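First up is the structure itself, then whatever we jot down about it.
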Amino acid sequence: MSRTTWRDHDWQLIHTGAQTPSQHMALDAVLTDEVGAGRRKPTLRIWEWASSAVVIGRFQSLRNEVDAEAAQRHRIEVVRRISGGGAMFIEPGNTITYSIYAPLSLIQGLPFSAAYAYMDKWVLAALGELGIEAWYQPLNDITSAGGKIAGAAQVRRAGAVLHHVTMAYDIDTSKMLEVLRIGREKLSDKGTKSAAKRVDPLRSQTGLPRAKVIEAMIDTFRRLHGLHDDVLRAEEIAAAEACAAEKFATPAWTADVP
Amino acid sequence: MHGEYKMPGGKLVVIDLEVEAGRLTNVQLSGDFFLEPDSVLHAIDGALDGLEADLPQAATTRAIEAVIPDTAMLYGISPEAVSTAVQRALHGEHKA
C-alpha cells in the first residue's frame, strides 16, 4: 500500500443535530468501520452535544478518573471511547469536537507521532487564520502561547484510522475539577495553581461565537482538502443505535477498566 | 495497592493490585497511553495475575513482554513502565 494524499480522496462532511454521548461513541466506531470497508468515503464529522459528558480514554480506570458522585450531581454522562488518551470534560456549547475517518493509506508509513500532526495540519491553518498561533505538542496536544487548546486521539482498525479531537471553546474549570480526578493530580503535579492557565479556550482567544469558529474550520478544510456536504445514511444511524445499546451505553463497557 | 509511573512525554501508567498468599491478584493496568490492539490491556492484567509478589522486576517485565504481540503498537507505555508501576504499588510508592 502506498501513501495517499488528502486530495486523492473525496472528503465528505457530516454536521448534524445534537446527539447523546453514547451515540457519538457508537458513530465513531461505525463510521470508522464503514470507511475501512470502503462503503463510506473519507469523512469529517463535526459533533454537536445533546448533554454533558465525561469521555474517558479506552484504557483509563473509571474510578481513578471520575468522581461518580459529582458526575451524577451535575447530570454528566460518563462514556468510554475506543481510542486511548486522557479524559475530556464536555458541556454542550463548550467544546468543538470533530472526527476524521480516513483510509489507513493517508498515514501509511508515518511515525506514530507524525500521524497526529499530519491529521491536524488543516486545523493549525484554520486557527492561524483566526489569529491564534497554535502548534502540536507531541504526542497529542494542540497548544498555544496561552495554554492548551485541544487534545487528539487516534485508533487504527480494519483499514481505517479514526482521528478525533476535542477543542476547548469555553470551559467551566471548577466544574471540570469537581468531576475529573486526574485533573486535580495533573495540576498539582505541574505546580499550576490556576486551572485556567493550563487550558486556554478558543472563546477568549478568538472573541468569536462557537458557530463562527466551526464555520471557519470547515471553510479551511474545504479549501485545503476539498469537502462535500453529506448526511448519515439510515443504515449507519441504525447500526450506531444498535452499537450504542449493545456496547457504548452499557455499564460493562464503561467499567471495562473499573 | 496503587502504583504509578509517568512516562517521558507525560503519559501515566497506573497499576492497582492486591496481594494474597504472596501472589499478585486483581491486577488492573490503566492510564492515558495508547495500545493497539486494545485486547493487550487485559492480556497484561492476566500475565501479572498470580505472579509472586517478591519476583525481581526484570522477571515481571519478561512476563509482560511475553503477552505483547510483535505487531502491537505501544505509545506512552512499555513493559518496563508497567513493571515499575507494579514495584511502586507493592512498595507503597504512590507518586509518579
Side-chain angles (χ1 to χ4, degrees), chain A residues 29 32 55-66 80-88 104 107 110-116 136-141 143 148 151-158 160-164 180-183 185-190 198 247 253 255-258, chain B residues 1-18 24-49 64 67-79 81-86 88-89 93-96:
Chain A
T32 303
V55 182
I56 60 174
R58 171 65 186 91
F59 307 111
Q60 289 191 297
S61 155
L62 180 61
R63 62 167 177 260
N64 287 353
E65 298 302 322
V66 183
R80 181 182 298 278
R81 63 176 185 264
I82 57 173
S83 61
M88 299 287 178
L104 267 182
I107 53 166
L110 287 181
F112 209 76
S113 110
Y116 277 79
Y136 237 83
Q137 186 170 309
L139 173 71
N140 55 332
D141 284 352
T143 195
K148 177 174 165 174
Q154 277 183 13
V155 62
R156 302 163 197 227
R157 52 191 240 175
V161 56
L162 162 65
H163 177 93
H164 50 193
L180 294 186
R181 297 187 198 279
I182 198 71
E185 282 170 31
K186 276 209 171 178
L187 289 167
S188 66
D189 185 61
K190 300 210 171 184
R198 196 172 126 75
K247 181 172 182 177
W253 170 254
D256 181 61
V257 186
Chain B
M1 298 163 111
H2 180 88
E4 300 182 351
Y5 176 76
K6 187 174 259 185
M7 292 283 284
K11 301 283 173 238
L12 205 57
V13 174
V14 182
I15 285 285
D16 289 277
L17 57 75
E18 289 161 38
L24 311 189
T25 180
N26 291 329
V27 182
Q28 175 177 289
L29 169 64
S30 65
D32 57 353
F33 46 78
F34 293 85
L35 187 55
E36 292 176 22
D38 64 354
S39 55
V40 175
L41 182 86
H42 293 313
I44 294 174
D45 290 343
L48 292 170
D49 235 54
I64 296 160
V67 296
I68 300 176
D70 292 340
T71 50
M73 288 206 304
L74 287 73
Y75 193 99
I77 181 173
S78 68
V82 177
S83 65
T84 302
V86 168
R88 289 180 176 177
E93 300 162 35
H94 293 241
K95 282 289 153 203

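Being a predicted model, the structure only gives us computed values, none of them experimental. Labels below follow one simple rule: chain letters A, B, ... track the order of the sequence lines, proteins then strands, and each chain is numbered from 1. Quick note: numbers below take in every heavy atom, side chains included, and nothing from hydrogens, waters or symmetry partners.
- The distance from atom CG of Asn140(A) to atom OH of Tyr75(B), rounded to the nearest 0.5 Å, is 8.0 Å.
- For the residue pair Leu35(B) and Phe59(A), the shortest heavy atom distance occurs at O-CZ, 3.0 Å.
- The CG atom of Asp256(A) lies 3.5 Å from the NE2 atom of His42(B); values are rounded to the nearest 0.5 Å.
- In this structure, CG on Asp38(B) lies 10.5 Å from OG on Ser83(A), to the nearest 0.5 angstrom.
- Of the listed residues (Ala153(A), Pro258(A), Ser113(A)), the one with the most heavy-atom contacts under 4.5 Å to chain B is Pro258(A).
- Classification of the Phe34(B)-Tyr116(A) ring pair by plane angle, with boundaries at 30° and 60°, yields perpendicular.
- The structure places CG of Asp32(B) at 11.5 Å from CD1 of Ile56(A), a figure rounded to the nearest 0.5 Å.
- The part of Asp16(B) that comes within reach of chain A is its side chain, from C-beta onward, which places non-hydrogen atoms under 4.5 angstrom from that chain.
- Leu41(B) approaches Val257(A) most closely through the heavy-atom pair CD2-CG2, 3.4 Å.
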Please test His2(B) against Asn64(A) for side-chain contact (heavy atoms from CB on, under 4.5 Å), starting from the C-alpha separation and ending with a verdict.
CA-CA 10 Å; His2(B) 180 88; Asn64(A) 287 353; 3.7 Å; yes
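- With a 4.5 Å cut-off on non-hydrogen atoms, Arg157(A) does not touch chain B at all.
- Under the rule for a side chain to side chain donor-acceptor pair (under 3.5 Å), Ser30(B) has no partner lying at least two apart in sequence or in another chain.
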Run the side-chain contact (heavy atoms from CB on, under 4.5 Å) test on Gln154(A) and Glu36(B) for me, step by step, so that the C-alpha distance in whole Å, both residues' side-chain angles and the decisive distance to 0.1 Å come before the verdict.
CA-CA 10 Å; Gln154(A) 277 183 13; Glu36(B) 292 176 22; 5.7 Å; no
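- Neither the backbone nor the side chain of Ile77(B) comes within less than 4.5 Å of any heavy atom of chain A.
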